[in-house]
Each structure stands twice: as structure tokens, then as C-alpha cells.
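Worksheet for the structure shown next.
Excluded from the calculations below are hydrogen atoms, water molecules and symmetry mates; all remaining heavy atoms, backbone and side chain alike, are included.
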Amino acid sequence: MGSSRLLRYSRSISLTTLTCLALTSQALAADLPPSPPPVSSYETVHAVSQPSPLPWQGFHVGVLGGFTKSKANVNAFRGPEEARVEGPMLGGLAGFDMQLGNMVLGAEADTSFGSVKGAGLGTTVELRQFSTFRGRVGYALGDVLLYGTAGLALADVAMKSRVCQTCIKADDLVKGWTYGGGIETKLTDNVSLRGEYLYTDLDAKQFDFNMPKGSGRLRTDGMHTFRAAVSYQLPIF
């Protein structure tokens, strides 16, 4: 009889202890702040892999202006002669750049119009349009880009006789190669300013005038172009 009473007494103590522990744990859980919602694996990967902005990547368009000078060797009405050809030009450009770390690779095309002219004793030479199609390779230092460039050049050149009153004229497209370099800096996130130099070597060209035995040969001793441009980067990338 004593042992059964002792057993019932032990069970009563155990039950009371368990009840107290349960009530205490519920009270502690109620005082704790709510757990944050679980973050999905997609959100975690997306946050880690989000790329930083690339200041030199994307399409761009712009306006440019510059000064071109050259020495033309002409063999026409009065035999061999030289003409210093120089003048301003204005135009536009368009291109695309891809940035890989600090390396920037791109392609660009531009065209300019103006009155770049010079005269010898018997002939006037005029460059009326100048276009280039170039590749660009640069190194980005944050918002500053140092680059080199090279590619194809096309020039619309006219030659005119100063010997006769009718001013017989011939014009044609002359192709060649151009190369150079420059520096470009960001003024805002989408607007940049550059300074650029190009050296252009045009092929020799034979011009035919509308007269008996009317022909002339033109060869430039290298064309030097100094120009500036303002570009706007299209917010595509």
C-alpha cells in the first residue's frame, strides 16, 4: 500500500513539472519577435549575380567638328604642283561599344561635310565630304576612356582648273586608310566629350576633265584631322 501511494505521488509531480515547462515555453515563444519570411533561392542568386553598371557599354550617337589639313600633289594642266589643303568640317557619328572589365571594344562610323580646299598655280583641290568606318580598342579608367582606332576612309574630292574661264571640274570618291586615337570622358551618365586625332592616307586618283587631253592626278601626302565630339549613350544596356 505504501509503494502504490508513492507511485501515484511521483506521477503527480511529473505531470505538474511537464505542465509548467509547457506553459513556460509558450510564454517565451510569445515574447520573441516574428521570424522573417524565407528568402527564395532565386532572390539570393539574383542579388549576388546583379551586374554593376558598365559606363562605356551600349550604342551611342553624336555630333562632331574638326579641322583637316593636308598637302596635295597635283599633276594636271600646268604640270606637277602642290596645294596646301585645309579647312573645317562638321558632321555626325554612331557606334557601339562592349566593355569587358577595363577593356572596351567597339565599332564606329562617321561622316563630315565642309570646305577643305587649297589652290596651286593652275588647279584648285577641294575635300567636300569625309567618312570613316573604324574599330575602337580602349582602356577605361572609370569615367575616362583612352582608345586607339583604325579603319577605312572615304573622301569626296573635287579638282578644278584655274587655267580657263569655264573652270572645268572633275570629282570622285577616293578611298584610303585612317588610324589615330583619343580620350573620352563622361560628363553625365549618358553624355560624353572626346578629343580625337586621325591620320588618313588616301589613294592616288586619276581625274578626267571634260575637255581634250583633260586629266589630272592627285596624291595627298597624308591628311591630319583634329576633332572633338559630344556623344549620347542610348540607355539600352
Side-chain angles (χ1 to χ4, degrees), residues 38-70 87-114 116 127-156 173-203 220 222-237:
V39 179
S40 66
S41 59
Y42 169 78
E43 293 175 343
T44 303
V45 173
H46 184 70
V48 172
S49 62
Q50 183 69 26
S52 59
L54 299 175
W56 298 104
Q57 179 156 302
F59 291 95
H60 60 269
V61 295
V63 294
L64 60 87
F67 186 83
T68 296
K69 64 178 183 178
S70 180
M89 303 195 86
L90 296 174
L93 61 88
F96 172 78
D97 291 312
M98 180 174 62
Q99 184 170 351
L100 304 171
N102 294 105
M103 185 71 66
V104 177
L105 305 176
E108 193 169 80
D110 64 78
T111 188
S112 300
F113 301 88
V116 181
L127 174 66
R128 300 181 297 186
Q129 181 179 359
F130 177 61
S131 302
T132 71
F133 307 88
R134 297 168 287 105
R136 290 208 308 172
V137 178
Y139 187 82
L141 299 170
D143 288 341
V144 177
L145 177 66
L146 305 174
Y147 67 90
T149 183
L152 176 67
L154 289 174
D156 181 11
L173 285 176
V174 183
K175 64 180 178 65
W177 295 98
T178 186
Y179 58 89
I183 180 171
E184 189 168 1
T185 182
K186 289 281 188 178
L187 301 179
T188 68
D189 289 342
N190 298 102
V191 179
S192 62
L193 173 68
R194 78 170 71 172
E196 184 177 79
Y197 165 76
L198 292 178
Y199 176 84
T200 305
D201 184 17
L202 296 176
D203 296 340
T220 59
M223 193 165 71
H224 305 274
T225 301
F226 305 88
R227 59 190 188 180
V230 177
S231 300
Y232 179 77
Q233 184 171 318
L234 301 177
I236 297 177
F237 294 90

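- Pairing each heavy atom of Phe133 with each of Ala109, the nearest pair is CD2-CB, 3.8 Å.
- The nearest pair of heavy atoms linking Trp56 to Ala140 is CD1-CB, 3.7 Å.
- Between atom CG of residue Leu198 and atom NE2 of residue His224 there is a gap of 11.5 Å, rounded to the nearest 0.5 Å.
- To the nearest 0.5 Å, atom CZ of residue Arg194 and atom CD of residue Glu184 are 4.5 Å apart.
- For the atom pair CZ of Phe130 and CG of Leu154, the computed distance is 9.0 Å after rounding to the nearest 0.5 Å.
- How far OG1 of Thr225 is from CG of Leu64: 10.5 Å, rounded to the nearest 0.5 Å.
- The neighbour count for Asp189 CG, taken as heavy atoms of other residues, nucleotides or ligands under 6.0 Å away, does not exceed 12.
- One N or O on the side chain of Thr149 and one on the backbone of Gly135 form a donor-acceptor pair closer than 3.5 Å.
- Side chain of Glu108 to backbone of Arg134: no donor-acceptor contact under 3.5 angstrom is found.
- Checking side-chain atoms of Thr178 against main-chain N and O of Tyr199 turns up a donor-acceptor pair under 3.5 Å.
- The neighbour count for Lys69 NZ, taken as heavy atoms of other residues, nucleotides or ligands under 6.0 Å away, does not exceed 12.
- Gly142 and Pro55 get closest at one heavy-atom pair: O-CG, 3.8 Å.
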message: Between Thr185 and Leu145, is the side chain to side chain contact (heavy atoms under 4.5 Å, CB included) condition met? List the steps.
response: CA-CA 6 Å; Thr185 182; Leu145 177 66; over 6 Å; no
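- When side chains are defined from C-beta on, Leu105 counts as touching Val137, because their heavy atoms get closer than 4.5 Å.
- Heavy atoms of other residues, nucleotides or ligands lying less than 6.0 angstrom from OH of Tyr139 number 12 at most.
- Listed by chain and residue number, Glu196 satisfy the side-chain hydrogen bond (donor to acceptor under 3.5 Å, both in side chains) test with Tyr147 (two or more places apart in sequence, or in another chain).
- You'll find the side chain of Arg227 reaches within 4.5 Å of the side chain of Ser112, heavy atoms only.
- In terms of heavy-atom proximity, Leu93 sits nearest to Ala229 at CD2-CB, 3.7 Å.
- Nearest heavy atom pair, residue Leu90 against residue Gly65, reads CD2-CA, 3.7 Å.
- Pairing each heavy atom of Val116 with each of Pro88, the nearest pair is CG2-O, 4.0 Å.
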- request: Please report the C-alpha distance between Gln233 and Lys186 in whole Å, then the side-chain angles of each, then the deciding distance to 0.1 Å, and finally whether the side chain to side chain contact (heavy atoms under 4.5 Å, CB included) criterion is met.
  value: CA-CA 10 Å; Gln233 184 171 318; Lys186 289 281 188 178; 2.8 Å; yes
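- Atom OG of residue Ser70 and atom CG of residue Leu127 lie 9.0 Å apart, to the nearest 0.5 angstrom.
- Of the inter-residue distances, the one linking Asp97 atom CG with Phe59 atom CZ reads 10.0 Å to the nearest 0.5 angstrom.
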